[in-house]
Amino acid sequence: MNLLEMNHVKKSFGGLEVIRDISLHVGEGEIVSIIGPSGSGKSTLLRCATMLETMDSGELIYLGERAAWNNEKEETVYAPRQELRKIRQNYGLVFQNYNLFPHFSVLKNITDAPVTVQKRDKKEAVETAMELLKKMGLEDKADAYPCQLSGGQCQRVAIARALALNPKILFFDEPTSALDPELTAEVLKVIKSLADLHIAMVIVTHEMAFARDISDRVIFMADGVIVEEGRPEEVFASENERTLSFLGRYGEMLKAEKQ
């Protein structure tokens with residue numbers, strides 16, 4: 001069974017069509033990277049998948065449960081609030097700008113949702129949080145506040161916070177776009193290490209080498225549509241004109257490596 005299915009999704013802002021009839025699926029433990037130029041609709045697609053944006057039309061399914069679908073008038077209808085709350089527990093989201101609570105310590109940022117939303121035992125939530133901080137190399141930062149951390153550390157806390165909810169699928173919206181190259185490498189290394197946990201991941205990224213190395217499947221988007229998708233080696237060796245234009249020098253470097 002697919003963890004996530006999006007069928008014929010459309011989204012406009014004003015008169016601008018940002019997503020035009022996109023369908024995709026994500027299987028259990030699968031790592032999917034979404035690449036493409038700025039303004040191609042990648043982040044909007046992620047926001048529709050996580051219900052931060054309302055789709056204009058289309059179908060959204062998590063583990064066989066329909067979160068949204070079209071009615072007879074071709075308008076999007078969402079499931080009742082209680083069902084959506086249950087569906088939302090299947091996924092976590094890591095934003096570009098961390099979105100940590102500045103007035104909460106690192107530990108409270110991670111334990112707050114498991115305790116207040118999932119009603120988990122506080123002691124168990126703290127134990128889980130400390131294990132995750134250890135995995136992130138931040139076990140000594142439990143009592144620190146976000147303002148005392150580097151951008152890379154904040155992003156690692158944000159990843160730990162998402163993992164603390166035990167999601168089946170984790171979404172990353174350009175997780176390194178706000179970081180300098182050194183901190184980018186640090187965060188990408190952490191995301192790569194998550195592959196061992198066999199959690200499905202959907203990653204919107206501009207880091208081409210990272211997308212090639214970590215992904216089971218790469219989706220190339222442009223102008224609100226999926227131009228091409230397939231295994232990394234297929235997409236990065238593509239002869240498609242639009243894909244070649246986007247990959248540019250990176251594609252040339254890959255071809256040179258093979259020669």
Side-chain angles (χ1 to χ4, degrees), residues 1-13 16-81 83-96 162 165 167-175 191 198-206 211 214-232 234-235 240 242-243 246:
M1 183 198 291
N2 287 322
L3 293 183
L4 167 68
E5 283 181 56
M6 300 181 81
N7 298 314
H8 305 294
V9 175
K10 295 179 183 177
K11 178 67 183 175
S12 296
F13 294 104
L16 181 66
E17 208 176 8
V18 179
I19 296 177
R20 313 189 229 176
D21 197 15
I22 281 185
S23 298
L24 64 85
H25 61 86
V26 179
E28 208 168 322
E30 189 178 24
I31 300 173
V32 178
S33 288
I34 303 178
I35 62 172
S38 297
S40 59
K42 307 183 300 295
S43 291
T44 301
L45 184 65
L46 229 62
R47 290 177 69 83
C48 286
T50 53
M51 294 183 271
L52 292 172
E53 293 286 356
T54 306
M55 303 183 301
D56 294 338
S57 69
E59 187 179 36
L60 178 63
I61 303 169
Y62 279 95
L63 279 80
E65 298 283 328
R66 288 206 305 178
W69 60 91
N70 287 349
N71 62 14
E72 299 81 9
K73 297 176 185 174
E74 291 298 303
E75 299 163 334
T76 305
V77 178
Y78 281 82
R81 189 177 296 177
E83 283 180 39
L84 288 182
R85 193 178 296 133
K86 188 178 151 201
I87 287 169
R88 281 191 177 100
Q89 305 225 359
N90 290 311
Y91 61 79
L93 177 59
V94 178
F95 299 88
Q96 336 184 1
L165 294 166
K168 292 187 169 60
I169 182 166
L170 206 48
F171 293 94
F172 293 88
D173 186 10
E174 298 192 17
I191 296 172
H198 304 295
I199 294 172
M201 291 189 261
V202 178
I203 307 166
V204 169
T205 183
H206 285 295
I214 197 174
S215 308
D216 297 306
R217 191 155 41 97
V218 172
I219 292 173
F220 170 56
M221 278 182 69
D223 305 316
V225 299
I226 292 176
V227 175
E228 198 164 359
E229 69 176 295
R231 295 195 308 275
E234 294 169 343
V235 173
N240 179 289
R242 187 66 188 87
T243 312
F246 171 71

Evaluation steps, side chain to side chain contact (heavy atoms under 4.5 Å, CB included), between S57 and E75: CA-CA 6 Å; S57 69; E75 299 163 334; over 6 Å; no
Derivation of the side chain to side chain contact (heavy atoms under 4.5 Å, CB included) call for I22 and M221: CA-CA 10 Å; I22 281 185; M221 278 182 69; 3.5 Å; yes
I214 and I191: CA distance, side-chain angles, deciding distance, side chain to side chain contact (heavy atoms under 4.5 Å, CB included) verdict: CA-CA 9 Å; I214 197 174; I191 296 172; 4.1 Å; yes
Trace of the side chain to side chain contact (heavy atoms under 4.5 Å, CB included) decision for N90 with L3: CA-CA 9 Å; N90 290 311; L3 293 183; over 6 Å; no
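With rounding to the nearest 0.5 Å, the separation of OG in S23 from CE in M6 is 9.0 Å. The CZ atom of F220 sits 11.5 Å away from atom CD1 of I226, with the distance rounded to the nearest 0.5 Å. Interatomic distance, CG of N70 versus CE of M55, reported as 7.5 Å (0.5 Å rounding). Between I87 atom CD1 and I61 atom CD1 the span is 10.0 Å, to the nearest 0.5 Å. Atom CZ in F13 sits 4.0 Å away from atom CD in E53 (nearest 0.5 Å). Note that CZ of F95 and CZ of R47 are 7.0 Å apart. Values are rounded to the nearest 0.5 Å.
Under a 3.5 Å cut-off, the side chain of D216 and the backbone N or O of E30 do not form any donor-acceptor pair. No side-chain donor-acceptor contact under 3.5 Å links R20 to the backbone of V9. In terms of modelled atom types and a separation under 3.5 Å, the side chain of T76 and the main chain of D56 share a donor-acceptor contact. Side-chain N or O atoms of K11 include none that pairs as donor or acceptor with a backbone N or O of L45 at under 3.5 Å. Using modelled atom types, one side-chain atom of Y91 and one backbone atom of T50 make a donor-acceptor pair closer than 3.5 Å. A donor-acceptor distance shorter than 3.5 angstrom exists from the side chain of K42 to the backbone of G36, with no hydrogens or angles considered.
Contact between A222 and S40 at its shortest, heavy atoms only, is CA-CB, 3.7 Å. Between L170 and L93, the closest heavy-atom pair is CD1-N, 4.4 Å. For the residue pair A162 and P167, the shortest heavy atom distance occurs at O-CD, 3.3 Å. Nearest heavy-atom pair across D173 and S43 is OD1-OG, 2.7 Å. Here the closest heavy-atom approach between residue S33 and residue S215 is recorded as OG-OG, 2.6 Å. Nearest heavy-atom pair across A211 and T205 is CB-CG2, 4.1 Å.
No side-chain heavy atom of F172 sits under 4.5 Å from any side-chain heavy atom of L46. At a threshold of 4.5 Å between non-hydrogen side-chain atoms, the residues I169 and V26 count as touching. Within the 4.5 Å cutoff, no side-chain heavy atoms of E5 are placed close to those of E59. A heavy-atom distance below 4.5 Å is not found between the side chains of V225 and I19. With a 4.5 Å cut-off on side-chain heavy atoms, F171 and M201 do not count as touching.
For the pairing with L24, the side-chain contact (heavy atoms from CB on, under 4.5 Å) check across V32, I219, N2, N7 returns one residue only, I219.
Taking a cutoff of 4.0 Å between a charged side-chain nitrogen and a carboxylate oxygen, R217 and E229 qualify as a salt bridge. Salt-bridge check for K86 with E83: failed, with every basic side-chain N at 4.0 Å or more from each acidic carboxylate O.
Around the CD atom of E234, the shell of radius 6.0 Å holds more than 12 heavy atoms that belong to other residues, nucleotides or ligands.
With no hydrogens or angles considered, a side-chain donor-acceptor pair links E228 and T243 at under 3.5 Å.
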